[in-house]
Colleague: 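Questions regarding the structure given below will be posed in turn.
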Amino acid sequence: FRIAMSDLEIRGAWNLLGPQQSGHISDEWFDLYTRLLAEAVEELRARRRAGPVGRRERQELLGLIPARPPVDLPLDAHIPEDYIGDVPTRLAVYQKMTRMARSEEVEEMRGELRDRFGPLPSSVEELLYGVSVRALATEAGVAGVGRLGGQVVVQLREGAALDRLALQKAVPGLEIGHAQLRLDATSPAAPWRESLLKMLGFLAAEAVARP
């Protein structure tokens, strides 16, 4: 069990189908994913047969299995044993973070951890930052977030609508390409972490407002 816990911390709590997985577990998770997808599609069809389905209702149904984009950032993100010593409790916190699909849940988790275990160490703050990025990236509908050389890169999905002028004003210094958004991660004058959250928040708000 302790080996599995260490493995969880190394690979990431949300990495179920990523290339870091090995052995038969990837097939088992894929089978589970496809069964969940089939159930959600069938529920959506049933509601359509019962009457018109609105955009919000459709999003809620599909939100049962959110298509979470991959996030690969240089973060020292984990829960230290000296912060949460009890292994089952630590695992439960990891699992709760894995299920987070909205950025608002991160602040609730931060307050809960502070109340239960005291001030958050830097590695837990890093973990919550990663969860925030993943949640916002999911809400924004981007294809992925990663780091390439000295830049943080957000990969857009094909055909993504984008208000380039408004985004440039909201996030100064952002490089806007046809399929990618890039932030300088080397300059001390360019706080890429805050800029990344601001950019993803902007894209998430745009996605919600889009008809």
Colleague: My understanding is that only residues two or more places apart in sequence, or in another chain, count here; which of them pass side-chain contact (heavy atoms from CB on, under 4.5 Å) with Asp163?
Modeller: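 Applying side-chain contact (heavy atoms from CB on, under 4.5 Å) to Asp163 gives Leu165, Ala166, Glu206.
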Colleague: Before accepting this row, confirm whether a basic side-chain N of the pair Lys198/Glu194 lies closer than 4.0 Å to the acidic partner's carboxylate O.
Modeller: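 Glu194 and Lys198: not salt-bridged.
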Colleague: Listed by chain and number, what are the side-chain contact (heavy atoms from CB on, under 4.5 Å) partners of Ala179, not counting sequence neighbours?
Modeller: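 Only Gln155 meet the side-chain contact (heavy atoms from CB on, under 4.5 Å) criterion with Ala179.
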Colleague: Taking the side chain as C-beta and beyond, is there a heavy-atom pair between Leu196 and Val133 under 4.5 Å?
Modeller: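 SC-SC contact between Leu196 and Val133 confirmed.
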Colleague: Linking Ile, Leu, Val, Met, Phe, Trp and Tyr by side-chain heavy atoms under 4.5 Å, what else ends up with Leu148?
Modeller: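 Leu148 shares its hydrophobic cluster with Val153.
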Colleague: Got a second to check how far Ile84's CD1 is from Arg90's CZ, nearest 0.5 Å?
Modeller: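 Rounded to the nearest 0.5 Å, the CD1-CZ separation comes out at 7.5 Å.
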Colleague: Report the residues that fulfil side-chain contact (heavy atoms from CB on, under 4.5 Å) with Glu104, sequence neighbours left out, ordered by chain and then residue number.
Modeller: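 By the side-chain contact (heavy atoms from CB on, under 4.5 Å) rule, Glu104 matches Arg102, Glu139.
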Colleague: Contact between Arg193 and Leu183 at the side-chain level, heavy atoms closer than 4.5 Å - yes or no?
Modeller: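 No - every pair of side-chain heavy atoms lies 4.5 Å or more apart.
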Colleague: Sequence neighbours excluded, which residues qualify as side-chain hydrogen bond (donor to acceptor under 3.5 Å, both in side chains) partners of Thr89?
Modeller: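 Thr89 satisfies side-chain hydrogen bond (donor to acceptor under 3.5 Å, both in side chains) with Asp86 once adjacent residues are dropped.
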Colleague: Heavy-atom distance under 4.5 Å between the side chains of Pro69 and Thr138, does that happen here?
Modeller: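 Touching, per the 4.5 Å side-chain cut-off.
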Colleague: Side chain of Arg157, backbone of Gly141: donor and acceptor closer than 3.5 Å?
Modeller: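 Yes; judged by distance alone, with no hydrogens or angles, the pair exists.
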Colleague: Grab the two heavy atoms, one from Val124 and one from Ile79, that are nearest each other, plus how far apart they are.
Modeller: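 That closest heavy-atom pairing would be CG2-CA, 4.1 Å.
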Colleague: What I'd like to find out is whether the side chain of Gln180 reaches to under 4.5 Å of the side chain of Leu156, using heavy atoms alone.
Modeller: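 Answer no - side chains too far apart.
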Colleague: Run the salt bridge (charged side-chain N to carboxylate O under 4.0 Å, His left out) test against Glu125 and tell me which residues pass, sequence neighbours left out.
Modeller: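 If we apply the salt bridge (charged side-chain N to carboxylate O under 4.0 Å, His left out) test to Glu125, skipping adjacent residues, the hits are Arg110.
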Colleague: Just jot down the ring-ring contact (aromatic ring centres under 6.0 Å, His included) partners of Tyr83, sequence neighbours excluded, or say none.
Modeller: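 Counting only residues at least two positions away or on another chain, Tyr83 forms a ring-ring contact (aromatic ring centres under 6.0 Å, His included) with Phe117.
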Colleague: Hey, does Val171 have a side-chain heavy atom less than 4.5 Å from the side chain of Leu181?
Modeller: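 They are not in contact (no side-chain heavy atoms under 4.5 Å apart), so the answer is no.
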Colleague: Less than 4.5 Å apart, any side-chain heavy atom of Met97 and any of Leu128?
Modeller: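 Yes - at least one pair of side-chain heavy atoms lies under 4.5 Å apart.
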Colleague: Taking side-chain contact (heavy atoms from CB on, under 4.5 Å) as the definition, give me every residue that meets it alongside Asp115, ordered by chain and number, with sequence neighbours left out.
Modeller: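 Scan of Asp115 (side-chain contact (heavy atoms from CB on, under 4.5 Å), adjacent residues dropped) gives none.
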Colleague: Test your reading of the model: is there a side-chain donor-acceptor pair from Ser123 to the backbone of His78, 3.5 Å cut-off?
Modeller: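 Such a contact is found between Ser123 side chain and His78 backbone.
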Colleague: Work out which heavy atom in Asp184 is nearest to a heavy atom in Gly150; give both atom names and the distance.
Modeller: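 Between these two residues, the closest heavy atoms are OD1-O, 3.5 Å.
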Colleague: Output the distance between atom CG (Leu174) and atom OG (Ser195), rounded to the nearest 0.5 Å.
Modeller: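 Going from the CG atom of Leu174 to the OG atom of Ser195 covers 8.0 Å.
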Colleague: Can you give me the closest heavy-atom contact between Leu197 and Ser132, atom names plus distance?
Modeller: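 So the two residues come closest at CD2-CB, 4.2 Å.
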Colleague: For Leu162 and Leu167, run side chain to side chain contact (heavy atoms under 4.5 Å, CB included): C-alpha distance rounded to whole Å, both residues' side-chain angles, the deciding distance at 0.1 Å, then the answer.
Modeller: CA-CA 8 Å; Leu162 189 64; Leu167 180 57; 3.8 Å; yes
Colleague: For residues 123-167, which residue pairs qualify under ring pair (Phe, Tyr, Trp, His ring centres under 6.0 Å), counting only residues two or more places apart or in two chains?
Modeller: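 Residue pairs with at least one partner in residues 123-167: there are none.
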Colleague: Check whether any side-chain heavy atom of Leu136 sits under 4.5 Å from a side-chain heavy atom of Val142, and report yes or no.
Modeller: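 They are not in contact (no side-chain heavy atoms under 4.5 Å apart), so the answer is no.
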Colleague: Strictly by side chain to side chain donor-acceptor pair (under 3.5 Å), give each pair with a member in residues 166-175 just once, sequence neighbours left out.
Modeller: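 For residues 166-175, and leaving out neighbouring residues, the side chain to side chain donor-acceptor pair (under 3.5 Å) pairs sorted by first residue read Gln151-Glu175.
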Colleague: Using the test salt bridge (charged side-chain N to carboxylate O under 4.0 Å, His left out), find all partners of Arg164 that sit at least two apart in sequence or belong to another chain.
Modeller: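 Arg164: no salt bridge (charged side-chain N to carboxylate O under 4.0 Å, His left out) contacts found.
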Colleague: CZ/Arg134 to CG/Leu200 distance, rounded to the nearest 0.5 angstrom?
Modeller: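 If we round to the nearest 0.5 Å, Arg134:CZ and Leu200:CG are 11.5 Å apart.
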Colleague: Which pairs with one or both residues in residues 132-167 pass ring pair (Phe, Tyr, Trp, His ring centres under 6.0 Å), sequence neighbours excluded?
Modeller: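 Sorted result for residues 132-167: empty, none.
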Colleague: Closer than 4.0 angstrom, basic N to acidic O: yes or no for Glu105 and Lys96?
Modeller: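 No salt bridge links Glu105 with Lys96.
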Colleague: Are Met199 and Val154 packed together at the side-chain level, in the sense that at least one heavy-atom pair is separated by less than 4.5 angstrom?
Modeller: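 Contact flag for Met199/Val154 side chains = yes.
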